[in-house]
Structure formats: structure tokens, C-alpha cells
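Heads up, the thing below is written out as C-alpha cells.
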Amino acid sequence: MLPFNEYNPIGMDPRSLLNEQQVDAVTVEGGATLVLAGPGSGKTRVLTHRIAHLINEMKVPPQRILAVTFTNKAANEMKKRLEKMVPEGAKSVWLGTFHSICVRILRREARYLPVDANFTIYDVDDQVALLKSIIKDLNLNDKLYHAGGIQETISRAKNEMIMPGQYNVRTSRDAKIQEIYERYQAGLRASNAMDFDDLLLTALSLLYEREEVREYYAARFEHVLIDEFQDTNQIQYELVRLLSSVHNNLFVVGDEDQSIYRWRGADYRNVLRFEEDYGDFRKILLEQNYRSTQNVLDTARAVIDQNQYRTPKALFTKRGNGNLIRFYNAEDDRDEADYVVRTIQTEIKKGANPASFAVMYRMNSQSRMLEEAFMKAGIPYRLVGAQRFYGRREVKDVIAFLRLVHNPKDEVSIRRVINVPPRKIGDKSVEKLREVTRLMESNLGNVLIELGTRGPESEIYAALDRSAASIYQFAKIMAGWIEIKDTVSLPDLFDRILMDVEYREYLQDGSEEEVIDRWGNVQELRRQAFEFEELGLASLLENLALVSDQDTISEKLESPTLLTLHAAKGLEFDRVFIIGLDDGLLPHNRSFEEEEEMAEERRLFYVGITRARDQLYLARAGRRNMFGSYEYQLPSRFLKDVPDELVEMENTFRSSTQNNYDRWERGSYRRDTNRYQSNRKDSFFEEWDRKSTKSRTWDELRENQDRKNNNSGHAPILPSKSDAPTREKKSEATYKVGMKIKHPTFGEGMVLNVHLEGDGEETLEIFFAELKQQKKLAASFIKLDIVE
DNA sequence: AGTAGGCCACTTTTT
DNA sequence: GTGGCCTACT
């Protein structure tokens, strides 16, 4: 027996002492264990301590432990902590994401696979590129068969373990999609490539079909630990089940309230399934929060309590109430960004650490306005994700070259760079090359290598006809790289490639600034090539494919962090801004139709709130610049659930938000109408119609609201009529969202949306009650009477 | 084959 | 506002 309350592995800092529940979790014996861990309850700590405990106390060999995390970042973090606790064994533990673990297994067992061990991992861009070429080959309309949409469809199918042959065909379109899917899979095989979904799916079928493989891994992994279990999908659940099937020592940690990846196939009901599948499992609840103040926790709880179908949790902290939540009602998105930067600037002057701030938002596109504001203020910031680096043209080019060297069959990469820099190889030539390849019953890579090695001697050269010279030019340098790849170091290979294709010269067009920027990105890749000198090209490419942007955040940089709410999962900051609390943004429009999606948006907000240690800032904008014109925004419905008494207002409300608020309050978004029908617009206007027949209802509601605001001792979180100064701006639209108008021919209608163009021209979206139809009108074009 | 200019779709979220 | 893509011209 261990000294429970003083459990303290060798050399531990006393701060990392564990509470009783944590000790239970860390030291629980084998078998199935489910740890339900609220935010900030120290689950990463529990996981690392448990691994250390298994190795140090239970004498489990480290290589017999499998630990799966959700992101590479989390894996690296855990690895780092583990190395301090288990200096010897940490490296031998199998620790990584589902995807990286699967890659590891697949490379080891490549002899069973339809690809060889050098297979390339296709990311979404590669998938779309492949699909586009297939759609073109099939002579299909690329508007009707949109590659991006089909990629999603195929991904969904794979997540449900539906292969092309089993694809449910009900319409002629389905039949086409099935055909595309089939060709897509064939294309992957021909390119010696796997997409993200294949990594999981292939590993699973390998374990299913090859008993000896399954037994090897299941017997090997004495202990299996899974983090973020609520975000596992069906395939991952099966993988876990198989990998732990011999020893049955399965330890999973999760929190259904933090499940935010449903759209990717994650199913938090896996937690319930776990309880069913493992009858004698033990359940441990971690409810003490070590992160946030009580005010933050109360806010989080008030928000998440509105979700049905969840286990209520009693999160508590010993940290005290702390500061109130601050709420800023911005006029527009620029104002919102300025507020964030202004506030951060003030706090930094007062001595706050710049790195203690994070700004979180729903969509990556929201970062642009923030970046501008930060730059204007001269404050450095770090941006997480957002295709910052790996999405760049030059980065993708160079990676494609490297991928080609490693796997010459990779058709997507060949197509990408065969004409970079331009060497007179257009579509016609690529077609010719494919044709020749088909005739030879070979693959693009081999054909190119042979052409490159044997040159004009080879029959390929003759067959290529007029395209031969330019393709040979490329094939020659490519064959050269492949020849030297095993004898020179990775950085040397890298430099050789850039030199051979004269990539730097190629980048020279464009503005000077751009050239510096692009070349800088290439240099960053070069730096990584040095970093992976020992591990080799395969590791570098795997890392590039799997790690991507998330890991780019350098921890040394002492700056505020800008990131999406999704990217924020698992992180914590002293001060957290959540911006864009507009209805349609958070919750996002696309979640309006389905209750479960709306619940997920709420969890996303919950995740954001619970990242804050000390101070939470919330903000919304009444008007937002989207696609070049302004869109008026309603406050997020979630704001209604933030308790008034926990909120301190940063500003009073402007008149421009008044109408929005009225409409919001008028019923369409009321919390008690807690049903989200499939056709929201209809139900909304049915309700609107009912109300408009006796318009006093609206006045009543407005009065009620005013009374409520005046009586409550706290600042209201939403605008009320009474504290709105009457100030009109010139740039203001004449019509506002929620206005009732009368059109000479269409009759009465309600303004749904106002786009304010740069030249002051207003475009209106109006729903006409009589027509039961929505129309787009230019305001200057017609005379509209404002009814109300 | 390459490129300039115009059109239009785009914005969820990520391994 | 912008990047990707198509078309028409060189």
C-alpha cells in the first residue's frame, strides 16, 4: 500500500501533491477505469502520474504502456512531464495521438498492407486535389460535384467504416459519388498514400483481420490509457477495445461537457458505451478545480447546465470568488478588436505578463481583425493554427518535393511540383505522361525515375513525344535526388533540391516584402530538416503531416495567444477573452437546425470559459464586416445564461444595437423556446406573425425588459432601452434588422439582414409575410414605409 | 504554355 | 475583401 495522501514520486515538487480522488485514479489497479474529470481538475497530471506509477511502483515495462492523447501538443507536454518523473523509461512508452500510434503500427506492419512502409499521408488539401483530378477525369461538373463536399462525404463514410462497395446508393448522384469514392481509393493506393481516415481504418482492419497482429499488440500493451475519451469516434473506440483485449487494463479519462468534435465523428456516448461494455469498471470523479475562480466556474456552470443529457457535476474550487466577468458590447468588430488590444495594453502596463492573455473565437477568420489591431498597437502576438505556415504555397511546394523523394508514386505531389518553377509542362503534358504510364502498366513515380535515369535512350522518352524534353528535365533532377537520398544528410538533400529547381530564383517575383516572407518560410522548413537530421526524412514528413500548425506555438514567445475555441481545449490562461458572442457566430449558424449541434456550440463556449484562471472577458459586436459588407448581429443566446450578478459592464449600450436587441428579446431566440426545428425560419416567422397581429405584445415585452433592468441591482448583460444614449452615426444604415416595413407591392415584411456597402448603398433581406418569401432588395431602389 | 484580368464563392471547428 | 479558377489573349 502506498502512502495515499503523500503520494509523491521521486524528486517531485511538493506542489504536485495529489488530492484523494486523484490518488485513487493514479493508483487504481488494473481493469477498466473511467475517470470523469471536470475542467481544471488535473487530469493530465493524473495521467502522467499514473504512467509514472505503473513504471516506478508497479514495475510495468514502459514499452508495454500505450497512452493516447487528443493532440500532439498534449502528447509532447505529457512526454516532457513524464521525462522528469521517469528519466529512464519515458521514451519507451507508446505515447501519441490515435493517428500517430496508428501510423507507427502501420509502418511496422506494412507487409500486410496495400501500401509500402514509405506511404505518404494525405491531408485534406491533398485529398481535395486528388478528388478534383478524379472529378475532371469523369467529366463531371465540378460545381455539382464539389471536391470539398465530396471529401467530407467520403470522410464521413470512412468514419462509419463504409467502403466504396458498401456505399448506399439511392440516387444517380450517389452512384457517381460511389464511383468517385472507388477511384479515390484506387488513386490513394496508386500513389502509395493514405488519408487521415485511412490511418485509423486500416489499422483497425489490420487488427480485425490479422489475428497474429492483433495478438501481438494486445498482448504487448499491458496498460492502455486514453485521454479526452469523450472525443473518440467509433473507429477509435474499436481500436481501443482491440488493443486492450488481452490484459483488459483500460484507463480512460474524459468529460462529456467538453465534447466538441462531433462533426468529426466523435461520439461522447462512447463514455456510456464504455460503461456498458465493461461491466465491472470503476468510476472516479474529479470535481475539484484547481484552475479557475468561483465566479468563472459559476458562469461556466450556468451555461452548461442548460444542456440536457449530461451528468450534473459539482465542480468546486478553493480559490475564492475572484473578479467579476467583464462584458463589452462593441459597436462593430473593429471596436471589439480595439477593446481587446486596449485592455491587454492597459493590463500589461500595470505589470501583467503578456503571455497570460488569450483571445478565443469561433472562426479562424475572426483573427484577422485582431491581428490588425495588435499590429497597430505594436504588440506582438502568437497565432495558433489558421494555416499560418503549412498552408503557404512555398511550404507546400517544398514539402511536395520532399515527399516525392520519399515516395515517388505520390501523384498529388507530382502534379503539384512537376511544373514548379514553370518548365513548360502543362495539362497536356501531364495527360500524356499518365497515358504512357497506363500503357506501361506502371506508376508515375517509376516512369519518371526510369525516364530520368535512362533519358532519351528509354522508350518512355519516345512515347512522350512532344512533351518528352520538358518532362525529362524534371525527371532527371528527381531521379538525381532519389539516387542520393540515402547517402546525404537531410539538410544536404534539402539544399540540393532547392538548388536544382532554383527555387529561390523562382520566388523572386512579387513584392520585396513577399519574397522575404516566403523565403523565410522556406528557411523555417530548412531548420526543421536540421532538426530531423538524425531521425530522417520519413520522420520529418510524418511530423509535417501529423503535427502541422498546432505544434508551431513556441512557448518562449512572451505574447498574447490568439486561437479558436477548439484549439483552446486542454489549455489554460490567466486572462481569457471570448469574442464574437453573436448569434450566428457562437452559436454558429450551421448549428441552428439540430439540437445536438446547438448543445455542442454550448459546450464550446463552456470549454472557452473554463480556460480562464483569473479573469474572463466576453465581447460581442453589433455589426460585423463579412465578405466586404456589414452584417448586423444579434447577441448570442448563450449570453442570457450568464448570470447578471457575475457580470460587470465595460460600457453602456449604443443605439445601434437597440433594434437588434429588441428583436432578440421579442421571442425568436428566447431561451424557453428551447426547440430548434428543422426549418427555423418558418417557425420563427410563424411566431412573428402571431405576435405582429397584436403588436402590443412587443411593447409589453419591451416594458418588461426595461422594468427588469431597472429593478435588478446589477448591470444587465444585454442592452436595455434606458441606458442607450441617442447617438446616430453617419455611416449607419437607414433600415435595421428586426424592423417592420411596408413595400408598395409586396406588403408588410420584416428586415432580416442589412448589408451596408462601402458606398453607403444598403442591400436589404426582407421576409414578406404575405408572400411567405424572402427577398433581397436595394434600399435606394424602392420606397419602403417603416411600420415600426 | 503562360499570364492577365474578371468573376464568384467563401467562413465553422482539426487529426 | 480576397484567393482560386476560368477565359481570352500572347
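Note on naming: letters A, B, ... go to the chains in the order of the sequence lines (proteins, then strands), and numbering restarts at 1 for each one. The shown structure was predicted, so the numbers you read here are calculated from the model rather than taken from an experiment.
Atom pair A/Phe70:CZ and B/dT15:P shows a separation of 7 Å (rounding to whole Å applied). Taking atom CZ on A/Phe592 and atom P on B/dT11, their separation rounds to 18 Å, with Å as the unit. One atom, OH of A/Tyr630, and another, P of C/dG1, lie 11 Å apart when rounded to the nearest Å. Separating the OH atom of A/Tyr361 from the C1' atom of B/dT14 is a distance of 14 Å, rounded to the nearest angstrom. Between the P atom of B/dT15 and the CG atom of A/Asn233 lies a distance of 14 Å, rounded to the nearest Å. Here the C1' atom of nucleotide C/dG1 and the CD atom of A/Glu631 are 13 Å apart, to the nearest Å. Distance CD1 (A/Ile260) to C1' (B/dT15): 13 Å, rounded to an integer number of Å. Distance A/Met363 CE to C/dG1 P: 18 Å, rounded to the nearest Å.
Contact annotation: A/Lys132 reaches the phosphate of C/dC5 (side-chain N/O to OP1 or OP2, under 4.0 Å). In this model, the phosphate group of B/dA1 is approached by a side-chain N or O of A/Ser429 to a distance below 4.0 Å at OP1 or OP2. Side-chain N/O atoms of A/Asn72 include none lying less than 4.0 angstrom from OP1 or OP2 on B/dT14. For B/dT14, one of the phosphate oxygens OP1 or OP2 lies less than 4.0 angstrom from a side-chain nitrogen or oxygen of A/Thr564.
Ion pair A/Arg504/A/Glu394 not flagged as a salt bridge, since none of the NZ, NE, NH1 or NH2 atoms sits closer than 4.0 Å to an Asp/Glu carboxylate oxygen. Between A/Lys396 and A/Asp125, at least one side-chain N (NZ, or NE/NH1/NH2) sits under 4.0 Å from a carboxylate O, which counts as a salt bridge.
No side-chain heavy atom of A/Tyr268 sits less than 4.5 Å from a side-chain heavy atom of A/Gln258. Side chains of A/Arg416 and A/Asp397 form a contact here, defined as non-hydrogen atoms less than 4.5 Å apart.
In terms of position along DNA chain B, the nucleotide closest to A/Ser365 lies nearer the 5' end than the nucleotide closest to the other residue of the pair A/Ser365 and A/Gln127. Nearer the 5' end of DNA chain B, as judged by each residue's closest nucleotide, is the contact made by A/Asp427, out of A/Glu597 and A/Asp427.
Here the separation of C/dG4 from B/dT13, taken at their C1' atoms, is 22 Å to the nearest Å.
Nucleic acid contact for A/Arg423: sugar-phosphate only, since backbone atoms but no base atoms lie under 4.0 Å from a heavy atom of the residue. Within 4.0 Å of A/Asn419, counting heavy atoms only, lie sugar-phosphate atoms of the nucleic acid but no base atom. Across all strands shown, A/Asp142 has heavy atoms under 4.0 Å from sugar-phosphate atoms exclusively, and none from any base. Within 4.0 Å of A/Tyr261, counting heavy atoms only, lie sugar-phosphate atoms of the nucleic acid but no base atom.
A cation-pi arrangement is present between A/Lys569 and A/Phe70 under the rule of less than 6.0 angstrom and at most 45 degrees off the ring axis.
Here the rule is side chain to side chain donor-acceptor pair (under 3.5 Å) with A/Lys158, and of A/Asp197, A/Thr153, A/Thr202, A/Asp195 only A/Asp195 fits it.
Here B/dT13 is the nucleotide among C/dT2, B/dT13, B/dC10 with the atom lying nearest to any side-chain atom of A/Asn364. Among the nucleotides C/dG1, B/dA9, B/dT15, the one closest to the side chain of A/Phe627 is C/dG1.
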